[in-house]
Amino acid sequence: MEREVRVRFAPSPTGPLHIGGVRTALYNYLLARKLGGKMLLRIEDTDQNRFVPGAEKYIMEALRWAGIEIDEGPEQGGPHAPYRQSERKPMYRQYAQQLIDSGHAYYAFDTPEDLDVMRARLTAAKVPNPQYNAITRNQMRNSLTLPEDEVKELLATDVPYVIRLKVPRKEEVRFQDLIRGWVVVHSSAIDDKVLMKSDGMPTYHLANIVDDHLMEITHVIRGEEWLPSAPLHVLLYRYLSWESTMPQFAHLPLLLKPDGTGKLSKRDGDKLGFPVFPLEWHGQDAETGEPTISSGYRESGYLPEAFINFLAFLGWNPGSQQELFTMDELIESFSIERVSKSPARFDQNKVRWYNEQYLRAKPDTELAQYLLAALREHNIECSEEKAVQIAGVMKERVTFPQDFWREAQYFFQAPTSYDEQVIAKKWNAPTAAALAEFARELPASSDVSPDGIRALLTQVLERQGIKIGQVLQALRVAVTGVTAGPDLMATMSIIGTAETAQRIETAVQRLPQ
RNA sequence: GGUCCGUUCGUCUAGGGGUUAGGACAGUAGAUUUUCAUUCUACCAACAGGGGUUCGAUUCCCCUACGGACUACCA
């Protein structure tokens, strides 16, 4: 019987999610939806030392903003609750015990100092890969080397100990990665990983295998940084006798810093010149403890659709020439086989381009709301109708929602200064005279449409014997103060004939001829 | 150092034993526009190197180089 597809996104709440994490979540989500399965969110908080308050909430909010819906998780619950590993603590012990009973794991009583000494000794002896393994475990203090009685005694006391996996000395471990094909690693390259820490918490390796099994996960889609430890996970499935239902693995290519040196990390914050986080993050400096703010895509004005579309294409493509995809289209077209193997760099230009595309596709009435919100903040009255008109003429010229207000202020405020270059070149007595006459007649004009205003202007200029091209730049600067903007006739029409006339008169008075 | 993964225009990528190696972003030029932007058109620009296999390799294999990940009682 075909198993229901179940995938999980399993972040550790040690800070904000960065865009690489969002992409991992996205690919998991796309696969789940594509195959009619379930998307789980599991919080991997087994390291109590690295707990960061607010991180879990941030992760959930970021996913929600991005449009990645969770079917089972800490918030929504589900048949395999709880979905926080710290709350599942009692469940892991028995599996570690099972491994000990079957001879695949053992107790180790070495102190951190013992381990340091061991590593130092191996390094001094020029051992290529100092690790706790099939060879070195014989020289350490563990249930393999100590007499049985002593082990029992130690366990009965409160001497701290860990449980380690007994990795075979010589064995090829292989698995098939959905993206990379067969991956083979020799067991000698894997060390005797700690499964249970001395604080009673499982490590990632144990917890993730146990939870994936219990939660009936069918596909593990995670970052490439997990590739080297995947064989270890295969070994765990085998020793726990779960190999027949072991999930399929897919290791995603990393997201690199734009200069190509190293993977993107959350510590990059704002250092790269673009946000690495979906949402703004309020944290604190690791050394000084000072509060810090890292910018986010949401606050920078990126639309989630654009952000997601861009992110989906970082390491995946549909094989067609289509660039713009809604979430539903992404789901429809997604396949894990088309994820590329090689790492990708973030391209700021392209995210911006995506944002412009999605912004322009929105109806004017919706875009007008961005402007209206900014106007309210500045205590400026504006009818919805007027805001819709402005949005309509401005939409081709903006990248972010906040650009509407920034670029369109002259619709509400008369210019306080005028572009000097245009004035020097285009402002002269005949022009001023013609514009003055235009301004005198404009308020009485019955047709206030762009075409009507144009007709009046043409009429006035004809009387004066001036060509329209000679005065338009001057007129624009007189009305708006700046040289660039949407169609001037439409601009004047939106500003209103009375206000436009007044602005022209002001300019005629103030500017030298 | 060791293990593993990767390498097509500046960037994201398509392709795949015989192609004018395709698209998108960026860049450049032109057209449109009263301006700027948009839009349109064109241009620029890539198979890391060396060996094989083959009639023929950018494509398959090997080596080298380069890049990256991992190498914790972190995930």
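Note that these values count all heavy atoms, side chains included, but never hydrogens, waters or copies made by symmetry. Numbers restart at 1 for each chain; the letters A, B, ... are given by sequence-line order, proteins then strands.
At the heavy-atom level, R476(A) lies under 4.0 Å from base atoms of the strands shown. Among the protein residues, S229(A) comes within range of no part of the nucleic acid, since none of its heavy atoms lies under 4.0 Å from any strand. Counting non-hydrogen atoms under 4.0 angstrom, R222(A) reaches nothing in the nucleic acid. Heavy atoms of G485(A) sit under 4.0 angstrom from at least one base atom. Residue contacts for D110(A): at a heavy-atom cut-off of 4.0 Å it reaches a base atom on one of the strands shown. Counting any heavy atom pair closer than 4.0 Å across all strands shown, D487(A) reaches a base atom. Among the protein residues, R352(A) comes within range of no part of the nucleic acid, since none of its heavy atoms lies under 4.0 Å from any strand. Here T203(A) lies in heavy-atom contact (under 4.0 Å) with sugar-phosphate atoms only. G223(A) comes within 4.0 angstrom of nothing in the nucleic acid, heavy atoms only. At the heavy-atom level, P486(A) lies under 4.0 Å from base atoms of the strands shown. Counting non-hydrogen atoms under 4.0 angstrom, S198(A) reaches a base of the nucleic acid. At the heavy-atom level, I468(A) lies nowhere under 4.0 Å from the strands shown. Across all strands shown, T46(A) has heavy atoms under 4.0 Å from sugar-phosphate atoms exclusively, and none from any base. As judged by a 4.0 angstrom heavy-atom cut-off over every strand, R338(A) is placed among residues touching the sugar-phosphate backbone only.
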Between the protein and nucleotides 25-32 of chain B, which nitrogen or oxygen pairs are less than 3.5 angstrom apart?
| residue | atom | partner | partner atom | Å |
| --- | --- | --- | --- | --- |
| C25(B) | OP1 | W353(A) | NE1 | 3.4 |
| C25(B) | O2' | K350(A) | N | 3.4 |

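Taking atom C1' in both U41(B) and U33(B), one finds a spacing of 16 Å when rounded to whole Å. When the C1' atom is compared between G49(B) and A14(B), the two are found 24 Å apart, to the nearest whole Å. Annotation: C44(B) and G23(B) have their P atoms spaced 12 Å apart (nearest Å). Atom name P, nucleotides C25(B) and C62(B): the rounded distance is 38 Å, in whole Å. Between the C1' atoms of G10(B) and U59(B), the separation comes to 24 Å (whole Å). Rounded to whole Å, the separation between the C1' atoms of A65(B) and C73(B) comes to 39 Å. Distance noted for atom C1' between G15(B) and C47(B): 11 Å (whole Å). When the P atom is used for both A29(B) and C70(B), the distance is 43 Å, rounded to whole Å.
The residue among S340(A) and H205(A) whose nearest nucleotide of RNA chain B lies closer to the 5′ end is S340(A).
Between Y297(A) and F277(A), the gap from one ring centroid to the other reaches at least 6.0 Å.
Residues E171(A) and H186(A) are not in side-chain contact: their nearest non-hydrogen atoms beyond the backbone lie 4.5 Å or more apart. Contact of the M215(A) side chain with the Y83(A) side chain is registered, since non-hydrogen atoms from C-beta on lie closer than 4.5 Å. Counting heavy atoms from C-beta on, the side chains of M489(A) and S493(A) never come closer than 4.5 Å. Looking only at side-chain heavy atoms (C-beta outward), L488(A) and L472(A) come within less than 4.5 Å of each other.
The nucleotide whose nearest atom lies closest to any side-chain atom of E225(A) is, among A69(B), C73(B), U39(B), A69(B). When distances run from any side-chain atom of A344(A) to the nucleotides U13(B), C73(B), U3(B), the shortest one goes to U13(B). Side-chain proximity of L227(A) to the nucleotides C4(B), U13(B), A75(B) is greatest for C4(B). Proximity note for P228(A) (side chain, C-beta onward) versus G2(B), U35(B), C70(B): the nearest is C70(B).
Between N317(A) and the phosphate of A14(B), there is a side-chain N or O to OP1/OP2 separation shorter than 4.0 Å. One finds a side-chain N or O of K197(A) lying less than 4.0 angstrom from the OP1 or OP2 phosphate oxygen of C74(B). Residue T14(A) places none of its side-chain N or O atoms closer than 4.0 Å to OP1 or OP2 of A75(B).
If you check C60(B) for Watson-Crick or wobble pairing at under 3.5 angstrom, you find it paired to G52(B). The nucleotide G1(B) finds its pairing partner in U71(B), both defining distances of the Watson-Crick or G-U wobble pair being shorter than 3.5 Å. Base pairing of U35(B): no nucleotide in any strand meets the Watson-Crick or G-U wobble criterion (both distances under 3.5 Å). Base pairing of C40(B): its partner is G30(B), meeting the Watson-Crick or G-U wobble criterion (both donor-acceptor distances under 3.5 Å). Base-pair partner of A65(B): U7(B) (Watson-Crick or G-U wobble, both distances under 3.5 Å).
Here N208(A) contributes atom CG and W226(A) contributes atom CH2; the two are 7.5 Å apart, rounded to the nearest 0.5 Å.
No hydrogens or angles were tested; on distance alone, a donor-acceptor pair under 3.5 Å links the side chain of R50(A) to the base of C74(B).
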- Query: Is there a salt bridge (charged side-chain N to carboxylate O under 4.0 Å, His left out) between E44(A) and R84(A) once you walk through the steps?
  - Reply: CA-CA 6 Å; E44(A) 307 229 326; R84(A) 265 181 217 102; over 6 Å; no
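Taking the side-chain hydrogen bond (donor to acceptor under 3.5 Å, both in side chains) definition, one finds that Q421(A) meets it with nothing, sequence neighbours left out.
Among R169(A), R137(A), K166(A), R164(A), the single residue meeting the salt bridge (charged side-chain N to carboxylate O under 4.0 Å, His left out) criterion with D192(A) is R137(A).
Rounded to whole Å, the distance from CZ on R141(A) to C1' on C73(B) is 16 Å.
The local environment of CD in E420(A) is sparse, with at most 12 non-hydrogen atoms from other residues, nucleotides or ligands closer than 6.0 Å.
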